[in-house]
Amino acid sequence: MANMWSGVEKAIRMIKKMPRVQITNVKDNTSKGRKSKMRRGQHGGDKCGRGNKGQGQRNNRPRLGFEGGNSPFYLRIPKEPYYKGHFLKKEYPPFSLLQLQRAIDLYRIDDSQPIDLAVLCNTKLYQMDVDLRHYGVHLTEEGFDLFQAQINIEVQWASEAAIAAVESRGGVITTRFYDPESLRALVNPVTFFKRGVPIPRCKLPPMELLDYYSDPKNRGYLSDPDLIKKERFELSQKYGYSLPEVPYNEMLLLRKDPRQVFYGLQPGWVVNLRDRVILKPKDPEIKQYYEDRLEAKSV
Amino acid sequence: MFSTVARCFLRISLSSRGDAGITVRKAGYKSRYSYDTLYPKSDFNVTDTRELSKEYYPPKEPSQELPETETQEEFNGYIPEGSLEFKYTLSGGPGGQHVNKVNSKVQAKFHINSADWIPAWIRPRLKEMEKSNITKDGYLLVSSDKTRKQYLNKADCLERIRKMIWTAGVPDPPPPSEAEIMKKLIKQMKANEVRIAEKRSQSLKKRNKASASVRFIQKKGF
């Protein structure tokens, strides 16, 4: 009787009886198929996949890129000035207002709390790689017309229209620098805490970025708040919207200290997720170091 | 108030549900570069901009408005909310579905005579300058479909209105003094003399090129 059904039909009958696929009943394939590194036996041994005689067998191949004597590809192509120093340039992968609004609407971002890089990376909607010289998030103005949320957002780069969009809804936007070590902590806080290292104190921006983060037009975190107020007002005049009357809201005015990486956590603390405990340094010198108040020792 | 704001930060409570149940707590992490050391006198409440509009546009009584001929008060660029009426329509030109469906063209309109945010002496000059854009009722119309985005076109409209007012608000140059008039006259006369001398010399050159008989005739005055 079983031979009446085809393979497909048998499979369908089986699936109907099985429980639904869930996170709890899904398992990796075993690594039985992995080949052993040691080249032994009839099929792995003898010449061990190296062939007969020659450079291949005798470990005497020339350097990578060598083409037997003719001009190699990597030397034939001329250099172009437009990509000079590309490996040194900082990049800011974009995140648009549209994406932000969508995330807020779908409850993937809580707009009743300050939004920073850690929040964005935790949603997994935004990815960045510190190893590729990504220095943070660039908030772009796509979705200006649809943006509605009133938020307190901290980004690393913001276009003028993006700033206008956030402020026209009564929100607050700040641009803020993080050095690569702090970025690694922010991009994946759980992995960072699991390392068991103290939270770093964030470095100040390098010379080429100091102007950007000290400029109230960019809402830089190192700029004067009084000037930011003026720029806020002037931007509203430029784009023709009226600044909404915002009642005093502590959440909107929340700001991290320039040396602080996480909201609510100080540099120097070690967060133990497993035991749900925070370890704080007691030594006064270490505390002073993390507050950047270390006095030079007199010899 | 600002000191509490500057020192304010959140404490993330590690709840079992995994989402951050955050409570606000004022506490004291302050590095050497904390905000109250960098800017001790600044107000960190950036959302409070009520005082600023008064700076740019102090409320005036009607009696304070001086007649057109007298004051030369400059336009500071401030356009109060509600003083312009905006209309959003479809832009023309190529652009496919976007230009056919989206109201990206912006038209701004305001009544010049009742615009008290423009200094009184500039208003008649503006009317004269932009008479081609003014309706019979006295409304100045400025429309823009320069970009693909409505908010950028709106900004363009505002920019153009401000430019118009500033160009209209360029003060007349002062009348030239006696010395200046004299100087100009002398210059003109000198230039004229040079021109005439040049003309005479050119004429002489041409005459010298002519043949002997022609020169004879010219000399005798036939």
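As the structure is a computational prediction, the values presented were derived from the model and not from experiment. Proteins get letters first, then strands, A, B, ... in listed order; numbering begins at 1 in each.
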Query - Side-chain heavy atoms of B:Phe44 within contact of A:Leu253, under 4.5 Å - result: no
Query raised in the report: Can you tell me how far the OH atom of B:Tyr29 sits from the CZ atom of A:Arg201, to the nearest 0.5 Å?
Result: 7.5 Å
Query - Proximal component of B:Leu158, with respect to chain A [non-hydrogen, under 4.5 Å] - result: side chain
Query - Check: B:Ser31 main-chain N/O paired with A:Arg293 side-chain donor or acceptor under 3.5 Å - result: yes
Query raised in the report: Would you say A:Val172 and B:Val46 make side-chain contact, with heavy atoms under 4.5 Å?
Result: yes
Report summary line: Taking a cut-off of under 4.5 angstrom between non-hydrogen atoms, the residues of residues 233-242 of chain A near chain B are A:Phe233, A:Glu234, A:Gln237, A:Lys238, A:Tyr239, A:Gly240, A:Ser242
Query raised in the report: Heavy atoms under 4.5 Å from chain B: which residues of residues 212-227 of chain A carry them?
Result: A:Tyr221, A:Leu222, A:Ser223, A:Asp224, A:Pro225, A:Asp226
Report task. Please indicate whether A:Gln22 has more than 12 foreign heavy atoms, meaning atoms of other residues, nucleotides or ligands, lying under 6.0 Å from its CD. Result -> yes
Requested in this report: Could you list which of residues 185-192 of chain A have a heavy atom closer than 4.5 Å to any heavy atom of chain B, in residue-number order?
Outcome: none
Query raised in the report: Taking atom CG of B:Asn103 and atom CG of A:Asp145, what is their separation to the nearest 0.5 Å?
Result: 10.5 Å
Report task. Check whether A:Glu167 gets within reach of chain B through its side chain, its backbone, both or neither, counting any heavy atom under 4.5 Å. Result -> neither
Report task. Could you tell me the separation between the CG atom of B:Asp36 and the CG atom of A:Asp257, rounded to the nearest 0.5 Å? Result -> 9.0 Å
Query raised in the report: Which atoms of B:Leu84 come close to chain A, meaning under 4.5 Å heavy atom to heavy atom: side chain ones, backbone ones, both, or neither?
Result: neither
Query - Residue part contacting chain A, namely of B:Glu159, when any heavy atom lies under 4.5 Å - result: neither
Report summary line: From the list B:Ser34, B:Gly82, B:Ala108, the residue making the most non-hydrogen contacts under 4.5 Å with chain A is B:Ser34
Query - side-chain hydrogen bond (donor to acceptor under 3.5 Å, both in side chains) pairs, two or more places apart, involving residues 166-185 of chain B - result: B:Arg125-B:Asp172
**Report entry** Residue, of A:Ile228, A:Asn249, A:Leu252, A:Leu204, that accumulates the most heavy atom pairs under 4.5 Å with chain B
**Finding:** A:Leu204
Query raised in the report: On the ring face of B:Tyr35, is A:Arg255 found with NZ or CZ under 6.0 Å from the centre and within 45° of the axis?
Result: yes
